[in-house]
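Source: prediction; values computed, not measured. One-based numbering along the sequence shown. These numbers come from the heavy atoms of this one structure, side chains and all, not from hydrogens, waters or symmetry mates.
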Amino acid sequence: MVGVLSNRVSREDIATGDHIYSWRSAYIYAHHGIYAGDGMVIHFTRAAGHEIGTGTFMDKFLFSSSPAMGDGPPCEKCGHLIKAEGVIMSCLDCFLDGGSLYLFDYSVSPTFFLAKARGGTCTMAPSDAAHVVVHRAQHLLNSGFGMYSLFKNNCEDFAIYCKTELLIETAFSLGRSGQMASLYAGFSAVASSPLRFMTTSVAGLAVVTSSMYCVGRYVSDMGVRRDVIKVPVERLVEHWVQNVTLAPAPSQATAQATQTDAAAPGDSPELLKELAKKECVI
């Protein structure tokens with residue numbers, strides 16, 4: 001277990017199957033991946049060279065490009081392995097992109113979890129064995145991890161799935177990413193909490209806001225959520241296809257009700273003619 005103040009480690013401290021990350025863009029966000037051994041990392045990206053993105057103007061602030069996909073010559077160690085998008089394998093140097101190396105912690109206690117004020121650094125969920133984690137990552141390197149989504153399916157979501165095999169059941173919830181959960185909890189604590197009106201002092205407001213922030217982070221963690229299920233990596237594509245196939249469609253009763261409304265007496269030509277006659281009489 002790494003320290004409360006920092007998860008920073010040296011290259012000698014990481015082992016095959018570890019969930020690692022590196023901060024980008026002045027610590028605005030972190031890029032996550034699974035260390036596969038021999039100086040190689042398997043990670044999930046949005047598009048050619050883009051580690052993160054929303055498809056909106058926010059990409060100007062969140063954009064990051066892997067050196068292996070840059071304008072210069074390709075990396076001698078991993079340039080030939082880089083794919084245009086999705087799950088890719090690159091060397092540790094390209095993954096870090098000049099940044100420091102950090103280790104994501106698993107099976108932490110609730111106290112330790114809440115002491116880490118910023119999300120995306122640890123989880124209360126337990127990790128599976130290292131060889132199983134690497135197997136999942138290598139399997140997804142060949143089969144893919146679906147469509148990239150900053151809020152529901154990003155690089156941290158990929159790494160957490162490889163470590164835990166956990167997926168979110170409910171479609172309306174955020175993904176597994178602690179970074180997004182932390183951001184959402186922060187906005188909720190400041191803007192949505194009615195408890196902030198219960199105090200007028202600055203200290204009281206700080207206590208209420210920080211408490212709501214901690215509660216929001218805690219209930220969003222994969223280790224305590226009730227809307228998570230384990231899906232084997234071999235059945236991951238099948239699981240996604242079933243979710244699409246079983247998406248709620250308009251029921252027969254709804255369709256009949258729509259037809260009935262369309263043919264309702266209020267819209268019938270006979271009633272309209274009667275109303276027209278009465279208007280003429282008046």
Side-chain angles (χ1 to χ4, degrees), residues 1-4 6-9 13-23 29-36 41-44 87 101-140 145-146 149-186 188 213-236 239-240 243:
M1 181 180 293
V2 291
V4 175
S6 175
N7 287 26
R8 186 172 177 176
V9 295
D13 294 329
I14 60 174
T16 301
D18 277 346
H19 175 172
I20 60 176
Y21 63 96
S22 181
W23 292 104
Y29 74 97
H31 186 53
H32 295 246
I34 297 296
Y35 183 64
V41 184
I42 301 176
H43 50 116
F44 186 41
V87 181
L101 176 63
Y102 295 83
L103 179 64
F104 195 97
D105 213 356
Y106 285 80
S107 299
V108 302
S109 66
T111 302
F112 186 94
F113 178 80
L114 294 177
K116 302 287 287 188
R118 186 161 187 176
T121 59
C122 63
T123 177
M124 291 177 281
S127 169
D128 293 329
H131 70 280
V132 178
V133 174
V134 174
H135 166 71
R136 292 189 192 120
Q138 291 176 340
H139 188 281
L140 296 174
F145 193 61
S149 169
L150 177 62
F151 299 102
K152 288 181 177 293
N153 201 45
N154 57 41
C155 59
E156 185 182 348
D157 294 320
F158 165 79
I160 291 178
Y161 172 76
C162 290
K163 293 285 284 186
T164 65
E165 203 176 60
L166 293 174
L167 289 180
I168 306 294
E169 281 189 292
T170 51
F172 56 84
S173 298
L174 286 173
R176 299 161 292 281
S177 171
Q179 295 182 90
M180 291 297 104
S182 179
L183 181 64
Y184 179 78
S188 299
Y213 172 75
C214 290
V215 170
R217 281 191 59 223
Y218 180 85
V219 299
S220 300
D221 185 69
M222 295 296 290
V224 298
R225 291 179 67 156
R226 300 294 182 89
D227 59 343
V228 297
I229 56 174
K230 276 188 169 288
V231 179
V233 68
E234 291 80 9
R235 297 182 54 192
L236 189 59
H239 174 77
W240 283 333
N243 285 346

Trainee: In Å, rounded to the nearest 0.5 Å, how long is the span from CD1 of I20 to CG of N7?
Mentor: 12.5 Å
Trainee: Answer yes if the side chains of E234 and H135 hold a donor-acceptor pair under 3.5 Å, and no otherwise.
Mentor: yes
Trainee: Distance to the ring centre below 6.0 angstrom and angle to the axis at most 45 degrees; does that hold for K163 and F104?
Mentor: no
Trainee: Going by side chain to side chain contact (heavy atoms under 4.5 Å, CB included), name the residues that satisfy it together with V219, two or more places apart in sequence or in a different chain.
Mentor: V215
Trainee: I need the Y35 OH to L103 CG distance, nearest 0.5 Å.
Mentor: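 Nearest 0.5 Å value for the OH-CG distance: 12.5 Å.
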Trainee: Looking at CD of E165 and CD1 of I229, how far apart are the two atoms once the value is rounded to the nearest 0.5 Å?
Mentor: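 Going from CD on E165 over to CD1 on I229, the span is 10.0 Å.
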Trainee: Would you say C122 and Y106 make side-chain contact, with heavy atoms under 4.5 Å?
Mentor: no
Trainee: For a 4.5 angstrom cut-off between non-hydrogen side-chain atoms, does C162 reach L140?
Mentor: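 Yes, side chains in contact.
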Trainee: Listed by chain and number, what are the side chain to side chain contact (heavy atoms under 4.5 Å, CB included) partners of P110, not counting sequence neighbours?
Mentor: M124, Y218
Trainee: Which residues pass the side chain to side chain contact (heavy atoms under 4.5 Å, CB included) test with A129, sequence neighbours left out?
Mentor: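 Checked A129 against side chain to side chain contact (heavy atoms under 4.5 Å, CB included); matches are H131, V132.
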Trainee: Would you give the length of the straight line joining atom NE2 of H19 to atom CD1 of I160, rounded to the nearest 0.5 angstrom?
Mentor: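 It is 6.0 Å, given to the nearest 0.5 Å.
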Trainee: Go through the structure and list residues passing salt bridge (Lys or Arg N to Asp or Glu O under 4.0 Å) with D128, not counting sequence neighbours.
Mentor: R136, K230
Trainee: Is there a donor-acceptor pair closer than 3.5 Å between any side-chain N or O of D221 and the backbone N or O of G223?
Mentor: yes
Trainee: Is C155 close to H31 at the side-chain level, that is, under 4.5 Å between some pair of heavy atoms?
Mentor: yes
Trainee: Compare all side-chain heavy atoms of T164 with those of P126 and state whether any distance is below 4.5 angstrom.
Mentor: no
Trainee: Report yes if the side chains of V108 and T123 come closer than 4.5 Å at any heavy-atom pair, otherwise no.
Mentor: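 A side-chain contact under 4.5 Å is absent here.
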Trainee: With heavy-atom distances below 4.5 Å as the criterion, would you say the side chains of V233 and Y161 are in contact?
Mentor: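 Result yes, sub-4.5 Å side-chain heavy-atom pair found.
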Trainee: Applying ring-ring contact (aromatic ring centres under 6.0 Å, His included), name anything that partners Y21, two or more places apart in sequence or on another chain.
Mentor: W23, H32, Y102
Trainee: Which residues pass the side chain to side chain contact (heavy atoms under 4.5 Å, CB included) test with V228, not counting sequence neighbours?
Mentor: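 V228 satisfies side chain to side chain contact (heavy atoms under 4.5 Å, CB included) with L166, I168, M222, R225 only.
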Trainee: Is a side-chain donor-acceptor pair under 3.5 Å present for T121 with K116?
Mentor: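 Absent: no donor and acceptor within the cut-off.
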